[in-house]
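Structure first, then comments.
Just so you know, these numbers use all the heavy atoms, side chains as well, and skip hydrogens, waters and symmetry mates. We count ligands from 1, going down the list as the structure has it; atoms in each ligand are counted the same way.
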Amino acid sequence: MSKDIKNNDNATPAPVSNFLRAIIDNDQAAGKYTRDGLPNVITRFPPEPNGYLHIGHAKSICLNFGLARDYAGRCHLRFDDTNPEKEDQEYVDTIMDSVKWLGFDWNNKGEEHLHYASDYFDRLYEIAEYLIGAGLAYVDSQSAADMAANRGDFSKPGVNSPFRERAPAESLDLLRRMKAGEFKDGEHILRAKIDMASPNMNLRDPAIYRIRHAHHHRTGDKWCIYPMYDYTHPLSDAIENITHSICTLEFQDHRPFYDWIIERAAEGGFFKKPVPQQYEFARLNLTYVVTSKRKLRQLVEQNIVTGWDDPRMPTIVGIRRRGYTPESLQLFCERIGVTRSDGWIDYSTLEGCLREDLDPKAPRATAVLRPLKLIIDNFPEGENIACTAPIHPHHPELGNREFTIGKELWIEQEDFMEEPVKGYFRLFPGNKVRLRYGYVVECTGCDKDENGNVIAVHCNYFADSKSGTEGSANYKVKGNLHWVNAADALEAEVRLYDRLFTDANPDAGGKDFMALLNPNALEVVRAYVEPGLATITPDTRLQFERHGYFVADRVDSVLGKPVFNRVTTLKDSWAK
Ligand code: ATP
Ligand code: MG
């Protein structure tokens, strides 16, 4: 069995306009970023390599790379690696992998745009020395406690540090000695000299360099001072000639410093105009999901899930293993759009995008998830008759799947009721149903164990009723059941995944998300599937008729012994 059928109908949905596209259109009309040899839209996706990417990051990736694609620009992948203690190569690798898997590439016209803030440490340091010389930065030697107390708060202006008027030459000397490793962590700090009374706390002389005697995953032990994120990020954007620097709304208050630092460095001759501009959009909040790194880590460390790539996790590696397609995530990001107001997106929107993507392209197959024996008493002993079914009902060109029907079959337990409820059309004594792609059978009764549990259902078949033959038209029945032949069915493990939380907003308003775990988020069943699935390769997606969309697990599924994950059911079972 092959991988997904290619179908690009909805792989790249037509772009819907949004406020960012309007800004770019205006900039283009005004010729704002017309520069020699550079595209006029350069965006970037700037993760910190301190964890695994999640569905919220997918929104940012699709947005940044999507704009670059649609405006014939380019998007850089940049690691904002300024916190050596928390960062690791492991995260760099998984982030690169996730971006690629989502369908994006930082290679643009043969140029690699994979960058690291740490590559700019020398330039950032040079700019820091320049700022001191220009009277725009100083080394502060207050204790951390004094610095915090003197910062003021929203209602109280800050107090100038006693070191604020230190001579530039003295600050420069101290910064060089900080760099040379003469001081311990926290002894001194380099601050921008802006305004301790600013109503914007981010402008009250923000720290721009701190001492950290820590090993960095890329620069090793070369540095013992590291630039702060708020200093590094804008300058890295400017170094890379970014045009539109798109981030989430919580950075709105950081924008004045973003502009301040780039402007000052441009005055110092470090950058040419036009310089990058920051724009904010609302982060993705998805119901039934938590995305905080701390909380995701808690789920992993407390073994609530099997790891970062557990199919119940909202990480990209988890979503991927669950069976979501990159196309469905792109469609999702396009559909939820970008706005400047916070809101919640319902989880069913994500599932809907997966169904929309897979319905036209996923091959169909049969699986009996909760098996019950069906015995056709009048079927010739030892005989197995060939049956066929289309691989996809709307793609006859894909051909058929082959399997057989015999005397003993597996059907779903729920497809038999000894005493049927009103409106039940499946198997009950005296009722006729069609076995899909096979024969019409009439139920005659069942066998039970000593506890009264049904262990086998009996029926007789009508030899002239085979699907696809002339005689089949003479049988009008309401029930149409799926089944597999016990003689050739393949046993398979099927993991029925569902939402990880029972509450739509598990971590909102101080709720304890750990108390809201869905006990039914995973049910493992021993199923019987049609024999052709013995050759299914990991990561292949399909639709099990009547059950939903599934994928052969990329970690545990092996040839001959498939393991399937349910991505989602055929219909939204959570809708009220
Ligand atoms: P941290 O708590 O470590 O800062 P983070 O989720 O902000 O975590 P980053 O690596 O800084 O992680 O994020 C990279 C980019 O992804 C940033 O530009 C950030 O704005 C964006 N991003 C993060 N979470 C979301 C979200 N829920 N929706 C949209 N974009 C997001
Ligand atoms: Mg962040």
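- Proximity of the aromatic rings of Phe104 and Phe65 is defined here by a centroid distance below 6.0 angstrom, and this criterion is met.
- An N or O contact shorter than 3.5 Å links Gly56 to ligand 1 by distance.
- The main-chain N or O of Lys86 is never found under 3.5 Å from a side-chain atom of Asn83 such that the two would form a donor-acceptor pair.
- Contacts of Asn285 with ligand 1, taken as heavy-atom pairs under 4.0 Å, are absent altogether.
- Ring geometry for Tyr229 against Phe251 counts as tilted: the plane angle lies between 30° and 60°, on a 0 to 90° scale.
- For ligand 1, the atoms lying closer than 4.0 Å to a non-hydrogen atom of Thr248 are 20 (O), 29 (C), 30 (N), 31 (C).
- Between Glu280 and Arg255 there is a salt bridge, with a side-chain nitrogen of the basic residue lying less than 4.0 Å from a carboxylate oxygen of the acidic one.
- In this structure, Arg78 pairs ionically with Asp237, as a charged nitrogen and a carboxylate oxygen lie closer than 4.0 Å.
- Using a 4.0 Å cut-off to heavy atoms of Ser60, the atoms of ligand 1 that qualify are 16 (O), 21 (C), 30 (N).
- Remark: ligand 1 and Lys59 share no N or O pair separated by less than 3.5 Å (distance only, no angle test).
- At a threshold of 4.0 Å, the pair Arg495-Asp556 counts as salt-bridged, since one of the basic side-chain nitrogens sits closer than that to a carboxylate oxygen.
- Classification of Arg283 and Asp342 as a salt-bridged pair fails, no side-chain N sitting under 4.0 Å from a carboxylate O.
- Residue contacts with ligand 1: His54 is included, with a non-hydrogen atom under 4.0 Å away.
- Under a 4.0 Å heavy-atom criterion, Thr291 is not in contact with ligand 1.
- By heavy-atom distance, the residue among Glu280, His57, Arg294 lying nearest atom 23 (C) of ligand 1 is His57.
- Contact atoms of ligand 1 toward Leu284: 26 (C), 27 (N), 28 (N), 29 (C) (distance under 4.0 Å to a heavy atom of the residue).
- In this structure, Arg499 pairs ionically with Glu351, as a charged nitrogen and a carboxylate oxygen lie closer than 4.0 Å.
- For ligand 1, the atoms closer than 4.0 angstrom to any heavy atom of Pro46 are 14 (C), 18 (O).
- Distances from ligand 1 to the non-hydrogen atoms of Phe45 include at least one value under 4.0 Å.
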